[in-house]
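A note on names: the letters A, B, ... follow the listed sequences, proteins ahead of strands, and every chain is numbered from 1.
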Amino acid sequence: MSAPILELDNIFTDIAQYHILHGVSLHIPEGGVHVLLGRNGAGKTTTLRTIMGLWQAKQGAIRFRGEDITKQHTSDIARKGIAYVPENMGIFGGLTVEENMRLATLDGSFDQDRLQRIYTLFPALEKFWNSSAWSLSGGQKQMLAIARAMIEKRDLILIDEPTKGLAPAIILNMVEAFREIARETTILLVEQNFLFARSLGQTVAVIDDGRIAHSGTMAELVEDVALQTRLLSLSLDAHQ
Amino acid sequence: MNQTTNEPHAQTRGGRTGRLIAYGLIGIIAICLFFAPLLFPDVRSQEVAARICIFIVLVASYDLLIGYTGIVSFAHTMFFGLGAYATAIALKQMGPGWDAVIIGGALGVGVSVLLAALVGLLSLRVKAIFFAMVTLAAASVMAVLASQFSDFTGGEDGIIYKVPKIFSPATKLLTDENGKVLTIFGVKANGKMAAYYFVFFGSLILYFLMLRIVASPLGTVLEAIRENEMRAEALGYKVVLYRTAIFCIAAAIAACAGILRAVWLKYTGPETTLSFAIMIDILLMVVIGGMGTMTGAIIGATVMSVAQFYLKDLMQLASEATAGIPLVPDLLDPDRWLLWLGLLFILLVYFFPAGIVGTLARKGHHP
């Protein structure tokens, strides 16, 4: 396995009086899709937000390509090449699709090759380029959120539950898009949808009650039904 | 990738019609303001027209803060006053020359930007309500200082001064073949007209500058910050720096509006520049016009200024016309004009909840 692009070392995060993360340690290798699975309230979103500096870790260290980014400002972390696609899509509804995309560029100009790739993956964005983002459907908003993370070369994209609330047909199409993105970028994907996650992930970590309960390859977890049942309260067989 | 079948909502016919109405109103106002010296040559109307020009700039610059970036500040009149007082003091001390206008104006703008940067960097990190309180305190301090340092500022009485000679009513702006001042449609092309067009074109340049700002990438970032600070940060934008930058830009533009006010009035005092009543007027104009719509400033400033200057006259006429009806003339007594102004404001807010331009153009679209 390649050297980790991102390391979380014994991270503790509190939100107000609540202790959410209790010593989370993760090693995300460079390249491919890596999945963080867990139930609602397990600490998945908090982990991503802590990486982005949106919530400060109380203890522990976060290293990106070996550099400690634990105390860095969110905008500085983003400028290092980490993109974040939040759970609620994170688009700016009052702006057009074009303005949303332009915001994610480094200098306000588009790399035409990248833009063409995005149009190929998400033709709706080209069609509704000058429309307000609020007028897009839920699936199109999710496409926009993901496309925004792709418009510049990023080293790491953090994606929080991209399938939430989307129709199964759109979810299947999103698998294709993520495979395309993963060819040049490392993805850390937070999910509850195990079927979606297993079709993409090379490695998987399961978080429960703010602690990493398991980490390994996705293939191991897919093979081990007992482990799935113990960690996720599900069996893959039952979902097929 | 397959697409969902949902199409973005088409712009409604009503929205298009509304925008056309808004643009039509703005066109009429622009024409009236451009030809104001010819169309409305009396002193009072000229004063209203000049006030509208200056307040369009002031309101639009405030809208950069509240409408485009989501910053609530009560210090806008402080910057307006700094521009006006610096110009006024320079004209008083240095004499009525362009050097005084330029040096005084530059000082006013410079001090405004410095103060804005200081207030912004120190307090734009905190919650909106605390920032609003800081700006309110700063504006109050400035008003007290203007009152206390009466040797420079004239205290509560303000300062009267002379302006560059070209703005003197005796100046012949244009002359006929006999060397007499040219008369256009019965109006003399004198220094008063020059002063009005100084205000008009000064305001126009500042307004176009603001249109350029909101149409630029900076404007898009500001709108993103207003919508969701955290998302903007996560895209790599330093929100505090952007908010401070726009606070400084708005302060500089407000100070420039103060320069225009000082030159137009030939008088600067607390009541004309620094008073909290002006801050309330600005807020009302932004709300009436529509927040986050640069064009709303034109309609808001016009509606409020015209109402403030002419509602009394209108009520006088209405009161006389209804003299035979019991109770009605009392209700329409010109002394009750503030009551009717308040009622007008309530009706405007009720029928145009997003402001006149905002409601006409449909929410979410910035004409």
Undergrad: So, does B/Glu227 use its side chain to make a donor-acceptor pair with the main chain of A/Gly94 at under 3.5 Å?
TA: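 Yes, B/Glu227 side chain to A/Gly94 backbone: donor-acceptor pair under 3.5 Å.
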Undergrad: Enumerate by number any residue of residues 50-59 of chain A whose heavy atoms lie under 4.5 Å from heavy atoms of chain B; in the absence of such residues, state 'none'.
TA: A/Met52, A/Leu54
Undergrad: Please test A/Phe92 against B/Leu235 for side chain to side chain contact (heavy atoms under 4.5 Å, CB included), starting from the C-alpha separation and ending with a verdict.
TA: CA-CA 12 Å; A/Phe92 298 101; B/Leu235 284 177; 3.6 Å; yes
Undergrad: Give the minimum heavy-atom separation between A/Glu99 and B/Thr220, together with the two atoms involved.
TA: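 Looking at all heavy atoms of both residues, the closest pair is CB-CG2, 3.7 Å.
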Undergrad: Listed by residue number, which members of residues 52-63 of chain B have a heavy atom under 4.5 Å from any heavy atom of chain A?
TA: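 None at all.
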Undergrad: Distance-only, no hydrogens or angles: does the B/Tyr237 side chain make a donor-acceptor pair with backbone N or O of A/Leu103 under 3.5 Å?
TA: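 A pair under 3.5 Å: yes.
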Undergrad: Could you tell me whether A/Arg179 atom CZ has more than 12 heavy atoms of other residues or ligands within 6.0 Å of it?
TA: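 Enclosed.
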Undergrad: Sub-3.5 Å donor-acceptor pair from the side chain of A/Arg102 to the main-chain atoms of B/Pro217, do we have one?
TA: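 No: the side chain of A/Arg102 does not pair with the backbone of B/Pro217.
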Undergrad: Anything in residues 241-257 of chain B with a heavy-atom distance to chain A below 4.5 Å? Please list those residues in order.
TA: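 At a heavy-atom separation under 4.5 Å, chain A is reached by no residue of residues 241-257 of chain B.
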Undergrad: Of all the residues in residues 69-83 of chain A, which have a heavy atom that comes within less than 4.5 Å of a heavy atom in chain B?
TA: A/His73, A/Thr74, A/Ser75, A/Asp76, A/Ala78, A/Arg79
